[in-house]
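Quick notes on the structure that follows.
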Amino acid sequence: MKTQNTRTREILKILRARYPDVKTQLRHKTPFQLLVATILSAQCTDRQVNAATEKLFRHFKTPEDFSGADTAALENLIKSTGFYRNKAANIKNCARQIVERFDGQVPDNLEDLVSLAGVGRKTANIVLGAVFGIPGMVVDTHVARISVRLGLTGNKDPEKIEKDLMKIITEEDWNDFSLRLIFFGRQICRAKNPDCENCFLSHLCPAKKENGK
DNA sequence: CTCCCGATAT
DNA sequence: ATATCAGGAG
């Protein structure tokens, strides 16, 4: 039983109608490749990530490939995604941990996923949803920003927002809801110039910009 | 809390 | 010039 009010239900309904079939935009062939792409997606557009992984996955495919990769070569391949030194080290360590501790397979639960280098709750929940179909609330920069604007949470800490959203949204919708907010955040409810004029949720939004801003 | 960091839009 | 982008680690 969820404690969602009429307004929340309406928001969910409209988002579902606008974005019926959501799926990750991060291109990948295997669960591990999605994990790598998601690590790369920190503070970077999915477009940049896909451009980088197209070349990256030609050189390295499996956890074994990545764990044995030359660090400088790896850094060069992902440089355009930013934070490339941290990301390269994390991906390499993550790959080794998967080989050594999980028999080369991406773990199918939150606890094991977040134990991997460079993998936090956001990344873990992406993988859980896309690979294993396990419900997870993905709180990234878009979800956090929009949840605050729509008044779905009073918190700013991503983990608290995650818990707030899990309370008002039914489990089977967690993954899709997250992805819908991400698409909505890119198109309409942008960080910089939110397009309130053309927003299909503005009549339900406490943060709506009035005419003449 | 700070640091990591290149690409892109405004 | 500045803000922002599918964040996470120390």
Side-chain angles (χ1 to χ4, degrees), chain A residues 15 19 21-28 31-56 71-98 106-107 110-132 134-149 155-162 165 174-197 209 213:
Chain A
L15 282 170
Y19 308 105
D21 299 307
V22 282
K23 63 178 197 294
T24 179
Q25 300 298 110
L26 297 170
R27 296 187 333 98
H28 61 283
F32 179 70
Q33 288 184 357
L34 176 61
L35 182 59
V36 171
T38 309
I39 291 173
L40 290 176
S41 72
Q43 297 295 291
C44 180
T45 61
D46 61 327
R47 193 168 146 278
Q48 293 294 322
V49 173
N50 286 334
T53 55
E54 187 176 357
K55 279 188 283 187
L56 178 66
T71 300
L74 184 53
E75 286 180 355
N76 257 312
L77 283 162
I78 66 170
K79 185 165 286 187
S80 62
T81 67
F83 298 159
Y84 62 92
R85 277 189 286 259
N86 285 343
K87 287 175 180 174
N90 282 335
I91 289 169
K92 212 172 148 176
N93 287 329
C94 177
R96 186 171 57 245
Q97 291 163 351
I98 287 178
V106 174
L110 186 64
E111 185 185 348
D112 286 338
L113 279 167
V114 297
S115 78
L116 297 168
V119 179
R121 300 182 67 85
K122 174 247 162 181
T123 299
N125 280 320
I126 295 264
V127 171
L128 283 178
V131 173
F132 302 107
I134 295 173
M137 189 66 77
V138 178
V139 180
D140 73 326
T141 180
H142 294 292
V143 175
R145 177 183 70 251
I146 297 166
S147 296
V148 170
R149 284 180 179 167
N155 288 298
K156 289 182 180 172
D157 172 48
E159 197 165 335
K160 289 180 182 172
I161 295 175
E162 183 186 328
L165 294 176
W174 289 351
N175 291 119
D176 287 350
F177 173 76
S178 303
L179 283 173
R180 283 173 185 135
L181 281 199
I182 290 168
F183 282 99
F184 175 54
R186 289 173 180 160
Q187 297 173 358
I188 309 281
C189 198
R190 301 178 292 250
K192 217 178 215 176
N193 293 312
D195 192 4
C196 300
E197 315 259 335
K209 221 172 19 176
K213 77 177 132 203

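So you know, we letter chains A, B, ... as the sequences are listed, proteins then strands, and number each from 1.
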Tell me which pairs pass side chain to side chain donor-acceptor pair (under 3.5 Å) where either residue lies in residues 76-88 of chain A, with sequence neighbours left out. none
A/Lys156: what forms a side-chain contact (heavy atoms from CB on, under 4.5 Å) with it, not counting sequence neighbours? none
Atom-to-atom span, CD1 of A/Ile91 to C1' of B/dC5 - whole angstrom: 14 Å
Specify the separation, in whole Å, of atom CD1 of A/Ile78 and atom P of B/dA7. 13 Å
Does a side-chain heavy-atom distance below 4.5 Å link A/Ser147 with A/Val139? no
Could I get the full list of side chain to side chain donor-acceptor pair (under 3.5 Å) partners for A/Glu75, not counting sequence neighbours? none
Taking ring pair (Phe, Tyr, Trp, His ring centres under 6.0 Å) as the definition, give me every residue that meets it alongside A/Phe32, ordered by chain and number, with sequence neighbours left out. A/Phe66
Return the nearest nucleotide to the side chain of A/Gln48; candidates are B/dT10, B/dT8, B/dC5. B/dT8
Between CD of A/Glu75 and C1' of B/dC4 the distance, given in whole Å, is 12 Å
Separation of the P atoms in C/dG10 and B/dC5, to the nearest angstrom: 14 Å
P spacing across the pair B/dA9 / C/dA6, given as an integer number of angstrom: 12 Å
Which donor-acceptor pairs under 3.5 Å do side chains of residues 39-48 of chain A form with protein atoms, sequence neighbours excluded?
{"from": "A/Ser41", "atom 1": "OG", "to": "A/Thr38", "atom 2": "O", "distance (Å)": "2.6"}
{"from": "A/Ser41", "atom 1": "OG", "to": "A/Lys122", "atom 2": "NZ", "distance (Å)": "3.0"}
{"from": "A/Thr45", "atom 1": "OG1", "to": "A/Gln48", "atom 2": "N", "distance (Å)": "3.3"}

For A/Thr81, report the nucleic acid contact type (base, sugar-phosphate, nothing); a contact means any heavy atom under 4.0 Å. nothing
Taking atom P in both C/dA3 and B/dT2, what distance in whole Å separates the two? 15 Å
Reading nucleotides 2-10 of chain C 5' to 3', which nucleotides get B (base under 4.0 Å from a protein heavy atom), which S (sugar-phosphate only), which -? -SSBBBSS-
When the distance from CG of A/Asn50 to P of B/dA7 is rounded to whole Å, what number comes out? 16 Å
